[in-house]
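Reading through the structure tokens given below for one structure.
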Amino acid sequence: MLVSSSSSAVLRRQLFLIRCLGGGVGQSYKKIRRVNCSSMVAMEADAEHVIRKITPLLDPTRHKGQAGKVAVIGGCREYTGAPYFAAISALKIGADLSHVFCTKDAAAVIKSYSPELIVHPVLEESYNIRDDEKESVSAKVLAEVVKWMERFDCLVVGPGLGRDPFLLDCVSNILRHARQSNVPMVIDGDGLFLVTNNLDLVSGYSLAVLTPNVNEYKRLIEKVLNCEVDNDDASLQLLSLARSIGGVTILRKGKSDLISDGEIVKSVSMFGSPRRCGGQGDILSGSVAVFSSWARQHVSSTKESADCNSQNPMVLGSVAGSALVRNAASLAFANNKRATLTTDIIECLGASLESISPAES
């Protein structure tokens, strides 16, 4: 739904208030709620237009890697499916290369799922490391990831990561280096647990996307804004949250996905699937990673005055990823109904993209 001109005026006033009201972290939202009782309405994104604009043409002159190189940081003893779902989804959409950096225990399992993935068994968990080894092992883990870092267009951090303290410390160091190297990142799953407790890892980094579900979003709101989730004014609260974390992009998953970078709020409301099998968030994180890298290429390479070029590429990537996964979920559900699994949705990603942005157009 498009907002009316009067709603746009309200949006401009609310943005002005967020910029101008003082106070500690989270106080701007509370002050706005006290002085302005108008609800903010998110603009429905023209997601199909965004997908068509940022999806690169299949050009025979391009070489391997130019359509995207994605790395997933995650995968431990307990969780091997999530990193696979994120990494294979990136390939199914059109990325050329997909890597997974996981623990040694998870590597053989993830490799067995698909020969298409490049799997690096370099992460370590506490149970496998003596206290006197931790410093040297942490440095070795970072070095193993860093030597690949400059090759990646985007990182996906968190699917299947787990919450082992030593492992999370290692991933914190990886995030800091990625940020120093201006590598975009999508934070999901246990990566959100990590950054919620260490906001400095992403605060102020415009190339970061957070993709919280309902419980992860609740923890972020309580931590950053020090209040409860406000579903009556969800758009304004999301905008305030993104601004309070310094302009990161947040994709709040729900019946309608809401996306904000602290400047705008977009909604993706197209129907997906009523089947809520586990793993769909992992598909989304891999999808957002690919589309965000494509959006950055598009914005940097074209001089058109199209809407796409005036927007944050991480927002564009989030809009595109949300819409594509919803469309794929709808296709999968039409075929499988209650039997729909995450793997069925992954198999529909290509058809979903083809229906919106045909390869031969």
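Just so you know, these numbers use all the heavy atoms, side chains as well, and skip hydrogens, waters and symmetry mates. Since we're looking at a predicted model, the values are computed, not measured.
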Between [atom1] on residue [X] and [atom2] on residue [Y], distance to nearest 0.5 Å:
{"X": "H99", "Y": "I73", "atom1": "NE2", "atom2": "CD1", "answer": "10.5 Å"}
{"X": "T249", "Y": "N312", "atom1": "OG1", "atom2": "CG", "answer": "4.0 Å"}
{"X": "K218", "Y": "T196", "atom1": "NZ", "atom2": "OG1", "answer": "12.0 Å"}

Contacts of type side-chain contact (heavy atoms from CB on, under 4.5 Å), residue K337, not counting sequence neighbours: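 Residues passing side-chain contact (heavy atoms from CB on, under 4.5 Å) with K337: F333.
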Residues in side-chain contact (heavy atoms from CB on, under 4.5 Å) contact with N128, at least two apart in sequence or another chain: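 Here the qualifying residues are E124.
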Over all atoms of both residues, closest heavy-atom pair of [X] and [Y]:
{"X": "G321", "Y": "V288", "value": "CA-CG2, 4.2 Å"}
{"X": "G74", "Y": "V100", "value": "O-CG1, 3.6 Å"}
{"X": "A329", "Y": "S273", "value": "O-CB, 3.5 Å"}

Between [X] and [Y], does at least one N-O distance fall below 4.0 Å, as a salt bridge requires?
{"X": "E133", "Y": "R130", "answer": "yes"}
{"X": "R62", "Y": "D59", "answer": "no"}
{"X": "E44", "Y": "K266", "answer": "no"}
{"X": "R52", "Y": "E48", "answer": "yes"}
{"X": "K253", "Y": "D188", "answer": "yes"}

Only distances under 3.5 Å count here; give the side-chain donor-acceptor pairs of residues 63-72 to other protein atoms, sequence neighbours excluded, each with its distance to 0.1 Å.
unit_1 : atom_1 : unit_2 : atom_2 : d
Q66    : OE1    : H63    : N      : 2.8
K69    : NZ     : G65    : O      : 3.3
K69    : NZ     : R151   : O      : 3.4

Under 3.5 Å: donor-acceptor pair, side chain of S181, backbone of V183: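 The answer is no, because no donor-acceptor pair under 3.5 Å joins these two groups.
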D261 side chain to E263 backbone, donor-acceptor under 3.5 Å: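 Pair found, side chain donor or acceptor close to backbone of E263.
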Plane angle bin for F101 and F152 - parallel if under 30°, tilted between 30 and 60°, otherwise perpendicular: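 F152 and F101: perpendicular rings.
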Side chains of V157 and L175 in contact at under 4.5 Å (non-hydrogen atoms):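 Counting from C-beta outward, V157 and L175 do come under 4.5 Å.
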Any side-chain heavy-atom pair of I88 and L117 under 4.5 Å: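 Yes; the side chains approach each other to less than 4.5 Å.
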